[in-house]
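To start, the structure itself, in structure tokens.
Heavy atoms only: backbone and side chains are in, while hydrogens, waters and symmetry mates are out. Keep in mind that this is a model prediction, so the values were computed, not measured.
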Amino acid sequence: MHEIKCPHCGKAFNIDEAGYAEILNQVRDEAFDKALHDRLELAEQEKKNAVELAETKVASELKEDAAKKDTEIERLKAELGKADITGKLALKEALGEVEKERDDLKRSLESKATQQELLEKSLKEKYETRIKDRDDAIERLKDMKAKLSTKMVGETLEQHCETEFNKIRAAAFPNADFEKDNDAGAGTKGDFIFRESDESDTEFVSIMFEMKNELDQGANKKKNEDFFKKLDEDRSKKGCEYAVLVSLLEPENELYNAGIVDVSHRYPRMYVVRPQFFIPIISLIRNEAHKTLKLKRELALVKAQNIDITNFEEKLETFKTGFGKNYELASRKFQTAIDEIDKSIKALEKTKENLIGSERNLRIANDKAQDVTVKRLTRGNPTMAEKFEESSD
């Protein structure tokens, strides 16, 4: 048994073990509850204080961090502003350099365009001059082919032939006569007659000449063969052995441009020559005829003595054969000369075509140069294109 005294009234009473234990449990539970409640309140207060402290600390730290961040932000803003100014200055400087390069490029292009124009003009004038020179050369060669450099400015064909003969008369033909045929008693006459005799006054060659200039014929263009019959008649009537037509007719006829043309298949002992072969045909006929001079003297003696002239005819045929061979040789040489002139003409014409092609290429190159612009030059370079676009803004 346990004795319990009431704390209020002081009365003592006994309580068994079970009651005592129950009361003790009640007291202990209440104390525990109270202690627990107190502890919980204290813990709650400590927690609240800790939270408030933590919140205060965190707020302080956040405020401090915020202040630092604000300071950092201001610093970064200052640096950004400074960097922005530096960047703008750098950009401005870069743009200035780009603009300078652009202006230099423009000036260079303008200068090159001017140089190109001057070069093109110079080359064009040069090539035009060369083409003109080639054209003139071609025309000269064509004229040489037709006339073979026979100069007849201010004179007729007859005057030209007479002048050419008189230039060499004293040296080459001292005993020859070359005069105008003024005898029209037979109803017709030629232009000139050439006769030559030896020291004993024995005539050994005679040639009837007819001169025909295309310019003298006006609009009615005639052919060389139109004059063969009359020339042969004049030769026979004036007692000449040979007939020669000196002609500028049919200037494009390759046969007559070849040199000395033998037309004896049409009319006996007749030749057609261009003016430049006037002296050569006289020399050729005269030299061959001179070889028969001795035969002619013997023929005169034989005729006087009434001797057989068979031997004379054989020698005369020998002369004809020799003359024919010499003529063929001379004709081949003249043809060779004409062929060389033809080659020169073709070469010059080809050179002319090449020069015209060069001028065409220069014109194309100039057109391409005119299409060059700054935008074309910066195409494919986005950095330069962006800089130019910013500069233009």
Side-chain angles (χ1 to χ4, degrees), residues 148 150 157-158 160-181 189-212 224 227-228 230-247 255-256 258-300 312-313 315-335 337:
L148 293 182
T150 300
L157 181 56
E158 292 181 14
H160 168 75
C161 292
E162 185 176 18
T163 299
E164 291 299 307
F165 183 84
N166 289 333
K167 286 180 181 179
I168 62 171
R169 178 196 290 268
F173 309 106
N175 299 320
D177 291 325
F178 182 75
E179 305 295 341
K180 285 281 294 180
D181 181 15
K189 64 184 183 68
D191 288 326
F192 284 91
I193 295 176
F194 174 87
R195 298 183 185 275
E196 186 170 2
S197 303
D198 64 359
E199 294 80 0
S200 62
D201 204 27
T202 299
E203 182 179 292
F204 62 91
V205 62
S206 57
I207 308 172
M208 170 63 71
F209 284 98
E210 185 79 15
M211 284 74 172
K212 291 299 175 185
N224 290 313
F227 301 94
F228 290 171
K230 175 184 177 299
L231 179 57
D232 184 64
E233 291 176 353
D234 291 339
R235 180 189 68 81
S236 299
K237 291 176 181 179
K238 299 302 170 64
C240 296
E241 294 181 74
Y242 299 91
V244 175
L245 176 62
V246 183
S247 171
L255 174 63
Y256 297 115
I260 298 174
V261 180
D262 184 357
V263 293
S264 58
H265 62 285
R266 298 283 303 277
Y267 296 93
R269 299 185 181 182
M270 183 178 292
Y271 300 90
V272 181
V273 299
R274 293 303 188 195
Q276 70 277 1
F277 296 113
F278 169 65
I279 296 300
I281 190 63
I282 294 177
S283 300
L284 186 61
I285 294 176
R286 183 254 188 191
N287 292 338
E288 290 299 323
H290 193 272
K291 296 177 182 180
T292 67
L293 181 58
K294 183 178 179 181
L295 295 177
K296 288 187 176 184
R297 290 173 180 171
E298 291 178 355
L299 178 60
F312 166 76
E313 291 178 347
K315 291 184 178 182
L316 188 59
E317 287 299 321
T318 301
F319 157 71
K320 291 180 180 179
T321 301
F323 180 80
K325 291 181 179 178
N326 289 336
Y327 160 73
E328 291 177 358
L329 179 61
S331 179
R332 286 196 298 270
K333 290 183 178 180
F334 289 136
Q335 183 60 44

I'd like to know if the side chain of S264 and the backbone of R269 have a donor-acceptor N/O pair within less than 3.5 Å. no
Hey, is the main chain of C240 close enough, under 3.5 Å, to the side chain of R235 for a donor-acceptor pair?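 Answer holds: yes.
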With ring centroids as reference points, do F173 and F194 lie under 6.0 angstrom apart?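 They qualify: ring centres under 6.0 Å apart.
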Between K167 and E164, is there a side-chain N and carboxylate O pair less than 4.0 Å apart? yes
With a 4.0 Å cut-off, would you call E162 and K180 a salt bridge? no
Shortest non-hydrogen separation from [X] to [Y] and the atoms involved:
X: V263; Y: Y271; result: CG2-N, 4.2 Å
X: E210; Y: K189; result: OE1-O, 4.4 Å
X: N224; Y: L245; result: O-CD2, 3.7 Å
X: F165; Y: I282; result: CD1-CD1, 4.1 Å
X: S197; Y: N175; result: O-CB, 3.6 Å
X: P275; Y: S247; result: CD-O, 3.7 Å

Could you tell me whether the side chain of [Y] reaches within less than 4.5 Å of the side chain of [X], counting heavy atoms only?
X: L231; Y: M208; answer: yes
X: D232; Y: P268; answer: yes
X: P174; Y: R169; answer: no

Enter the distance from [X]:[atom1] to [Y]:[atom2] here, rounded to the nearest 0.5 Å.
X: K238; Y: I193; atom1: NZ; atom2: CD1; answer: 5.0 Å
X: F209; Y: I281; atom1: CZ; atom2: CD1; answer: 7.5 Å
X: R274; Y: Y256; atom1: CZ; atom2: OH; answer: 8.5 Å
X: E158; Y: M211; atom1: CD; atom2: CE; answer: 6.5 Å

Does the salt bridge (Lys or Arg N to Asp or Glu O under 4.0 Å) test come out yes or no for K237 and D234, once each step is laid out? CA-CA 5 Å; K237 291 176 181 179; D234 291 339; 5.5 Å; no
Quick check on D201: does its CG atom have over 12 non-hydrogen neighbours (other residues, nucleotides or ligands) under 6.0 Å away?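 Counting neighbours around CG of D201, 12 or fewer heavy atoms of other residues, nucleotides or ligands fall under 6.0 Å, so no.
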Check the orientation of F192 and F178. Use parallel for under 30°, tilted for 30 to 60°, and perpendicular for over 60°.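 Answer is parallel, since the angle falls under 30°.
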